[in-house]
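Would you mind keeping the following structure in view while I ask a few things?
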Amino acid sequence: MGNNTATVVLIDDSAEVRELLKTQFRLSGLLTVVADGSDGVEAIGLAHRHTPDLLLLDLSMPSMDGLDALHGILTVSPHTRVVIYTGFESHGLAERALELGATAFLEKSVPIEQLATRLTEIFEGSPAPTGPPTLQAVPDRPDPGPEADERDDDQSVLDEHLEQFREVFEEAAIGMATMTLTGTIVRANRALGDILLRKHQDLVGLDYAALTAGQGDSLATALDEIQMGVADLVHLEHEVYGAPETRHVRASIAAVRDTARQPLYLFLQVQDITAQRAAEQRLRISEERFRLLVDAVEEYAIFMLSPEGIIVSWNAGAQRTKGYRADEIIGRHFRTFYPIEQQEARHPEYELERAIADGHYSEEGWRIRKDGTSFWAHVLITAVFDEAGQHVGFTKVTRDITSTREATEALRQSEERFRLLVEAVGDYAIFMLDPDGHVVSWNSGAQRNTGYTSREIIGQHFRIFYPPESQAAHHPEHELRVSLRDGRYEEEGWRVREDGSHYWAHVVITAVHNDVGHHIGFAKVTRDRTEQRLIEQEREQTNIALNELNERLQQAAADQSQFLAVTAHELRTPGAVLRGSADTLSRHWAELGDQERTGLLEGMTSSADRLGRLLNDLLTASKLDANALNLRPVRTSVTALISTAVDNARLAKKGVDIQAGDVADVDVMVDPSRYGQVLDNLIGNAVVHGAPPVTLHAVVDGRTVQIRVHDSGDGVDAAILPRLFERFATADNVRGSGLGLFIVRELAKASGGDAYYEPATDDSPGGTFVVTAPLA
């Protein structure tokens, strides 16, 4: 190359791409590469240092992306022609690059052998930028002629897959976009434009921070976390800037990384949560209205207790019922309202314990007003928990029912008529107990519920209705003590019929006193709620099943979305490197040095292996889905299968320690080609996600052979274990399509075997993948 060639600076975060371009430009004799760098900050410095004729600039790079760097480049070197060179499709990027000062826009799909010529045409055909820049028209790729038909056939596989990805992206109901690592939008779908109240094509080239209505610092922090590897997925809630009415959205930003875990670009999903936030606001307003309502109620004492039983709120009804003003009672323990004997028996504390255990506690009993008078109260205590399930206190509702109790006592005068009524009730077991708990009366509902006739049961202790463990714990006697102490006892629990079967019962035991206050026994009301309980349990199980199904569907959608994004990215770069390297070697073999040839050949081998594995997995998965996989099992040597797989892996993974251990010399009935694919996938999985050495063993287990694959990695993350062999499941969301282990299991099952994973042990710290096959 002479001194008359145009000078160029290369800026791309892929060292592999930069090396290929430098070699190609040198061979072309048209351009002189004076420097190269990996991000926008370096681009500005190199432009200032070299003032090149051309600067070839990638878009998505760490620290500073291409669009952000444009102004700085042209400020320090105004005569440099900046050409955007990116893997992103234009979709409005070209127009945005024009606005910022770029001279031309080239996609990386441009054939590498044509790039030097196009850059030279851009340099020679455009004046140095002295005023508002103009975007140079880049010539269409010339007709390659019939000799390129075979290469076009190979490209069609990639084109078809990319077209499917574009359809999913464009037609998705959720807002989606791809962004550079610094947050510049490079592609947006229609749904995102609808959410942000802009045309989706107008979003291209915008910094997403400008759309977050003041949340730019939060966005910057989130992007820093992704670039530093702290997180692969971040969330941000913000209002939409410029919306005529407040609109809230939730943005989820995911990093798409290469096989070295370096971020390539960002994938953005945006959901409109305005309705959700409005519902939350309505709930807050409703809660405030409820508070005002509670404060206005005078018939009921309604107040809150802390978890320790300290009064923290007080309404007008509480002051009317108990006589205390709020400033006199708030901060005191609620035992203040109980007779001294109940305080000494720690009955208030018992009520709180029952409320926590059962969710609520209800009773009637004597309570004390501020002036020392007693009143008969109906009390309901409910345990209160926050959204996280943390116990935060109790609500207590008390009503003065002294007059009601007096009326009830008057009604007792009609006891005989009531007894006749009770006898006729068939749905409730209603009977009396003496003070010691022996049955003294029996109605038709009791016989229907328990199976005992009155002759069989009267005179027996009511503990006969309880399971043995409740009898051993003296629970029946406890119920009577509580009922005598508090006036009544209420619970739900298991009871036993005469035939030994169990039923779920709602029970209320009431202590009965005569006119002069002497205790004469208990009234017991029991209702069989077995059917209702079974319905409730079935409903709970159904809800659990639906929630689990919904989670699986959401995971499947997330896996497929990640698969599409990673696959699209995985296909583009190796295809370009493979094509460019092959053409360079074909045309300039004699001009290249050994190191250049070796570097290009190794890049071709790596890229071809990468494409081959992905396409083979996609084809196999497609045939599995369509039930079109035609297996041809024959008697096959296990030793031959493992030897072939190890030899292939050693060729593909040079320098990686892959070996065959103890291998049983037996034959299996499998399709050798497909079972070879199973072993290739297992070895590839161990190399990519584990650590060498990788060792294969084969042992006979009954009528099957176990082929066991070990590596020295850290084993499988517990989080991925439940989905390890499912479609699209990946441990790091970057390396691989998520189809390899799915194909392993499906092919093994189709061959009459199975595949599974054994967790790490002392002998195998990286865990073991096992695939089985039937003996021949």
Side-chain angles (χ1 to χ4, degrees), residues 613 616-617 620-621 623-624 629-653 656-716 718 720-726 729 739-776:
R613 287 193 301 273
N616 193 32
D617 283 349
T620 303
K623 290 183 177 180
L624 286 170
L629 197 63
N630 187 15
L631 298 180
R632 296 180 176 84
V634 297
R635 178 184 290 270
T636 305
S637 168
V638 172
T639 302
L641 279 174
I642 292 180
S643 296
T644 301
V646 170
D647 291 341
N648 290 341
R650 286 172 176 170
L651 289 174
K653 307 291 183 182
V656 179
D657 187 0
I658 303 170
Q659 53 190 261
D662 297 330
V663 177
D665 187 15
V666 294
D667 293 340
V668 291
M669 288 298 294
V670 298
D671 184 326
S673 174
R674 290 302 182 184
Y675 226 79
Q677 185 179 359
V678 168
L679 298 184
D680 291 345
N681 281 7
L682 287 177
I683 295 173
N685 182 74
V687 171
V688 173
H689 297 285
V694 178
T695 307
L696 280 72
H697 301 282
V699 297
V700 176
D701 182 15
R703 293 299 304 160
T704 64
V705 172
Q706 292 183 355
I707 299 178
R708 306 172 65 83
V709 181
H710 310 270
D711 68 78
S712 301
D714 296 329
V716 177
I720 196 66
L721 278 177
R723 303 189 304 110
L724 184 58
F725 289 91
E726 293 181 7
L739 293 174
L741 291 180
F742 165 75
I743 291 171
V744 165
R745 185 182 63 179
E746 295 304 312
L747 286 178
K749 287 185 174 180
S751 302
D754 202 353
Y756 54 92
Y757 174 77
E758 293 178 352
T761 64
D762 292 339
D763 295 333
S764 180
T768 303
F769 282 87
V770 182
V771 61
T772 66
L775 286 170

Discussion item. side-chain contact (heavy atoms from CB on, under 4.5 Å), that's the test. Do Val646 and Gln659 meet it? Break it down for me.
Written reply: CA-CA 6 Å; Val646 170; Gln659 53 190 261; 5.6 Å; no
Worksheet item: Between Arg745 and Ala755, is there a donor-acceptor pair closer than 3.5 Å when you use the side chain of the first and the backbone of the second?
Response: no
Worksheet item: Under 4.5 Å between any side-chain heavy atoms of Ser712 and Pro693, yes or no?
Response: yes
Worksheet item: Looking only at heavy atoms, what is the nearest atom pair of Ala698 and Val638, with distance?
Response: CB-CG1, 3.7 Å
Item to complete: Measure the shortest side-chain to side-chain distance between Val666 and Leu775 over non-hydrogen atoms and say whether it is less than 4.5 angstrom.
Response: yes
Worksheet item: With side chains defined as the heavy atoms from C-beta onward, is the minimum distance between Ile720 and Val716 less than 4.5 Å?
Response: yes
Worksheet entry | Separation of His697 NE2 from Asp662 CG (nearest 0.5 Å) | 6.0 Å
Item to complete: For Pro774 and Gly753, work out which heavy atoms get closest and say how close.
Response: CD-N, 4.4 Å
Discussion item. Between Thr636 and Met669, does the side-chain contact (heavy atoms from CB on, under 4.5 Å) criterion hold? Intermediate values first, please.
Written reply: CA-CA 6 Å; Thr636 305; Met669 288 298 294; over 6 Å; no
Worksheet item: Do Asp711 and Asn685 touch side chain to side chain, with heavy atoms closer than 4.5 Å?
Response: no
Response to the item:
One should read off an interatomic distance between Ile683 CD1 and Arg650 CZ, to the nearest 0.5 angstrom, of 9.5 Å
Worksheet item: Are Asp671 and Arg632 ion-paired here, with the side-chain N under 4.0 Å from a carboxylate O?
Response: no
Discussion item. Once rounded to the nearest 0.5 Å, what's the spacing between atom OG1 of Thr772 and atom CG of Asp754?
Written reply: 5.5 Å
Fill in: Nearest heavy-atom neighbours spanning Leu641 and Pro672
CD2-O, 3.9 Å
Fill in: Approximate separation, where rounding is to 0.5 Å, of Arg674 CZ and Ile743 CD1
9.0 Å
Worksheet item: Is there a donor-acceptor contact under 3.5 Å from the side chain of Ser764 to the main chain of Ala760?
Response: no
Worksheet item: Between Leu696 and Leu682, is any pair of side-chain heavy atoms under 4.5 Å apart?
Response: no
Discussion item. Evaluate Thr768 against His710 for side chain to side chain donor-acceptor pair (under 3.5 Å), listing each step before the verdict.
Written reply: CA-CA 5 Å; Thr768 303; His710 310 270; 3.0 Å; yes
Discussion item. What verdict does the side-chain contact (heavy atoms from CB on, under 4.5 Å) test give for Val709 and Val694, after you've listed the backbone C-alpha separation in whole Å, the side-chain angles of each residue and the deciding distance to 0.1 Å?
Written reply: CA-CA 7 Å; Val709 181; Val694 178; 4.0 Å; yes
Worksheet item: Is there a side-chain contact between Val771 and Leu679 (heavy atoms, below 4.5 Å)?
Response: yes
Practice prompt. Determine, using ring centers only, whether Phe769 and Tyr757 are less than 6.0 Å apart.
Written response: yes
Item to complete: Look at atom CG of Asp657 and say whether more than 12 heavy atoms of other residues, nucleotides or ligands are closer to it than 6.0 Å.
Response: yes
Worksheet item: Are any of the side-chain heavy atoms of Val699 and Val705 separated by less than 4.5 Å?
Response: no
Worksheet item: Between Ser751 and Lys749, is there a donor-acceptor pair closer than 3.5 Å when you use the side chain of the first and the backbone of the second?
Response: no
Worksheet item: Is any side-chain heavy atom of Pro692 less than 4.5 Å from a side-chain heavy atom of Val656?
Response: yes
